[in-house]
Enquirer: 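Structure provided below as structure tokens; questions to follow.
All heavy atoms count here, side chains included; hydrogens, waters and symmetry mates do not. Along the sequence shown, residues carry numbers from 1.
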Amino acid sequence: MQTSAALQRIQPSATLAMTSRVFELKRAGVDVIGLGAGEPDFDTPDFVKEAAIQAIRDGKTKYTNVDGTPELKDAVIQKFKRDNGLDYTAQQITINVGGKHTLFNAIVATVEAGDEVIVPAPYWVSYPDVIQFAGGTPVFIAAGAEQNYKITPEQLEAAITPKTKWVILNSPSNPTGAAYSAAELKALGEVIERHPHVWVFADDMYEHILYDGFEFATIAQVCPSLYERTLTVNGCSKAYAMTGWRIGFAGGPAPLIKAIAKLQSQSTSNPCSIAQAAAVAALTGDQSFLKDRAAAFQTRRDLVVGMLNAIDGMHCPTPEGAFYVYPEFSALIGKTTPKGKVIATDEDMIGYFLDDARVAAVHGAAFGLSPAMRISYATSEALLREACTRIQTACAELR
């Protein structure tokens, strides 16, 4: 059977492919250190687990409202007010099967052939593929290490056309960890304000993983005039270590939320009822552990950044948040491995690290900016130190 044209426009996720490869190697007994997965190594908090267990005991195992229970919508409303100063009603909240589902719903519900969506690069791997699946055209704005992986207002202005439907802003970023300050967001927002046909997809999934006292802001908060044109997206996966529970959510204009619910009613229907009950506990329970986990991630960040920057030919900016670094290594392209293979691309470099150093990362081309790689430091300090030592040794052996 021939697959659809829409399916042929997309590729499998490079990050998930690397994660699967690591699983295969480990099952085969290979001593590989996986730094490719975007998943906290912390466990889901016990009070969240208990809420899920209680929901099962209480028989909350039936269908719910297609786009979320009233209880979870209320919890999300409280979260947006508490953390972001944003006021929403239940009709402005959507609950989805993870943040990727929120992205898919929003884009597929609004983007048609010929529409453009602005995507800063480096970008999360799913952005362009979902846009292309919907028939739209991703328009990339390159923001390299020299500008700390953040786009400028001038770049944004130049990228907007009459065909632009959305601008995607991900802060802190996957894959770079770069975060926009309130002032930087306001400057970008002032550009978007001048183009009333442009909407903002604000991906705030890493909101609570911030370092060095950096203060989080989201664009609808700092630019109230964009409130009616912004979908503010978040979820439980990263901050609450609930990746497998699959709960994402968003707040936005009621007509858009209604359209998302219509699409969801004919695809997944409601998110898991038990996961929704757990998410209520996560969002309304004690939030103090979030700072402790962010502090642990900061220690790991400092370790990884320091060890990678000690490598001759590698430059690793210090991220403001998330749990990724995105070192660029243009100075190492063209060098030769001990086995005589020329490193022509960042994919070659990742292959070299995997085959010779037994360290798995994801090549920068998958995120739209090369030559670089994404390393997730959501693992133990001991493993990170060993992995970076292996990378140092591998790089030193290049000629």
Side-chain angles (χ1 to χ4, degrees), residues 1-24 36-39 94 96-142 159 161 163-170 173-176 199-203 205 231 233 235 237-238 243-244 246 248 250 256 259-260 262-269 271 324 326 345-347 350-351 360-370 372-374 376:
M1 178 182 289
Q2 180 69 33
T3 57
S4 70
L7 190 65
Q8 293 174 31
R9 289 194 292 267
I10 67 175
Q11 300 296 322
S13 167
T15 55
L16 294 181
M18 180 57 77
T19 300
S20 296
R21 176 69 176 139
V22 170
F23 285 154
E24 291 171 3
E39 182 171 52
T94 178
N96 317 113
V97 187
K100 187 178 293 188
H101 191 211
T102 310
L103 169 71
F104 186 89
N105 282 348
I107 296 299
V108 171
T110 60
V111 170
E112 299 179 295
D115 288 339
E116 296 176 350
V117 179
I118 293 174
V119 182
Y123 46 72
W124 180 39
V125 293
S126 294
Y127 293 147
D129 284 277
V130 171
I131 294 161
Q132 289 168 153
F133 180 86
T137 302
V139 175
F140 302 115
I141 302 177
T161 75
K163 296 181 179 179
T164 305
K165 181 153 283 186
W166 290 93
V167 174
I168 295 178
L169 293 176
N170 177 206
S173 161
N174 175 3
T176 68
W199 286 52
V200 184
F201 185 98
D203 184 344
M205 192 63 68
L231 186 67
V233 181
S237 293
K238 310 302 182 179
T243 50
R246 309 311 302 137
L256 174 60
I260 287 172
K262 180 180 180 181
L263 177 61
Q264 188 158 309
S265 74
Q266 295 291 6
S267 56
T268 62
S269 192
Y324 310 104
Y326 200 78
T345 66
D346 53 22
E347 193 165 8
I350 294 306
V362 185
H363 59 290
F367 305 101
L369 196 71
S370 298
M373 62 179 170
R374 188 193 79 171
S376 168

Enquirer: How many angstroms lie between atom CD1 of Ile10 and atom CD of Gln132, to the nearest 0.5 angstrom?
Expert: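 One gets 9.0 Å once the value is rounded to the nearest 0.5 Å.
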Enquirer: OH/Tyr127 to CG/Leu103 distance, rounded to the nearest 0.5 angstrom?
Expert: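 Atom-to-atom, Tyr127:OH and Leu103:CG are 7.0 Å apart.
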Enquirer: Tell me, please, which residues at least two apart from Thr161 pass side chain to side chain donor-acceptor pair (under 3.5 Å).
Expert: Glu116
Enquirer: Go through the structure and list residues passing ring pair (Phe, Tyr, Trp, His ring centres under 6.0 Å) with Phe104, not counting sequence neighbours.
Expert: Phe133
Enquirer: Rounded to the nearest 0.5 Å, what separation is found between the CG atom of Leu169 and the CZ atom of Phe201?
Expert: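 If I round to the nearest 0.5 Å, the distance is 10.5 Å.
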Enquirer: Just verifying a value: how many Å separate Ile260 CD1 and Thr110 OG1, rounded to the nearest 0.5 Å?
Expert: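 Output value for this atom pair is 8.0 Å.
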Enquirer: Determine the minimum heavy-atom distance between Tyr324 and Pro175, stating which atoms define it.
Expert: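 Smallest heavy-atom distance, with atoms named: CB-O, 3.1 Å.
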Enquirer: Any donor-acceptor pair under 3.5 Å linking the side chain of Arg374 with the backbone of Thr176?
Expert: no
Enquirer: How far does OH of Tyr326 sit from CG of Asn174, to the nearest 0.5 angstrom?
Expert: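 It is 10.0 Å, given to the nearest 0.5 Å.
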Enquirer: Let me confirm one number: the NZ-OG1 distance from Lys238 to Thr243, rounded to the nearest 0.5 Å.
Expert: 7.0 Å
Enquirer: I'd like to check the side-chain contact (heavy atoms from CB on, under 4.5 Å) partners of Ala121; sequence neighbours left out, ordered by chain and number.
Expert: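 Residues passing side-chain contact (heavy atoms from CB on, under 4.5 Å) with Ala121: Tyr123.
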Enquirer: Run the side-chain contact (heavy atoms from CB on, under 4.5 Å) test against Ala361 and tell me which residues pass, sequence neighbours left out.
Expert: Ile350, Met373, Ile375
Enquirer: Can you list everything that forms a side-chain contact (heavy atoms from CB on, under 4.5 Å) with Thr268? Sequence neighbours excluded, please.
Expert: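 Applying side-chain contact (heavy atoms from CB on, under 4.5 Å) to Thr268 gives Val97, His101, Gln264.
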Enquirer: Closest heavy-atom contact between Ser370 and Gly364?
Expert: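 Taking every non-hydrogen atom into account, OG-C, 3.8 Å.
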Enquirer: Would you list the pairs meeting salt bridge (Lys or Arg N to Asp or Glu O under 4.0 Å) in which at least one residue belongs to residues 99-111, sequence neighbours left out?
Expert: none
Enquirer: To check you understand the geometry: which heavy-atom pair defines the closest contact between Ala109 and Leu263, and what is its length?
Expert: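 Here Ala109 and Leu263 meet closest at N-CD2, 4.2 Å.
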Enquirer: What residues, two or more places apart in sequence or in another chain, satisfy side chain to side chain donor-acceptor pair (under 3.5 Å) together with Trp199?
Expert: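 With sequence neighbours excluded, Trp199 shows a side chain to side chain donor-acceptor pair (under 3.5 Å) to no residue whatsoever.
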Enquirer: With Thr164, which residues qualify under side chain to side chain donor-acceptor pair (under 3.5 Å), at least two apart?
Expert: none
Enquirer: Can you name the side-chain contact (heavy atoms from CB on, under 4.5 Å) partners of Ala250, sequence neighbours left out?
Expert: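 If we apply the side-chain contact (heavy atoms from CB on, under 4.5 Å) test to Ala250, skipping adjacent residues, the hits are Thr94, Thr102, Leu231, Val233.
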Enquirer: Could you tell me which non-hydrogen atom of Val119 sits nearest to which non-hydrogen atom of Pro138, and how far apart they are?
Expert: CG2-CB, 4.3 Å
Enquirer: Measuring only between side-chain heavy atoms, which start at C-beta, is Ser237 closer than 4.5 Å to Glu39?
Expert: no
Enquirer: Verify, without hydrogens or angle tests, whether Ser376 (side chain) and Ala37 (backbone) share a donor-acceptor contact under 3.5 angstrom.
Expert: yes
Enquirer: Measure from the side-chain N and O atoms of Asn170 to the backbone N and O of Asp203, and report whether any donor-acceptor pair falls under 3.5 Å.
Expert: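 Yes, the answer is positive, given that a donor and an acceptor are paired below the 3.5 Å cut-off.
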Enquirer: Sequence neighbours left out, what passes salt bridge (charged side-chain N to carboxylate O under 4.0 Å, His left out) with Lys165? Give chain and number order.
Expert: Asp115
Enquirer: Do you know the tightest heavy-atom contact between Ala366 and Val125?
Expert: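 Taking Ala366 first and Val125 second, the nearest heavy atoms are O-CG1, 3.3 Å.
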Enquirer: Which residues satisfy the side chain to side chain donor-acceptor pair (under 3.5 Å) test with Gln11, sequence neighbours excluded?
Expert: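 Gln11: no side chain to side chain donor-acceptor pair (under 3.5 Å) contacts found.
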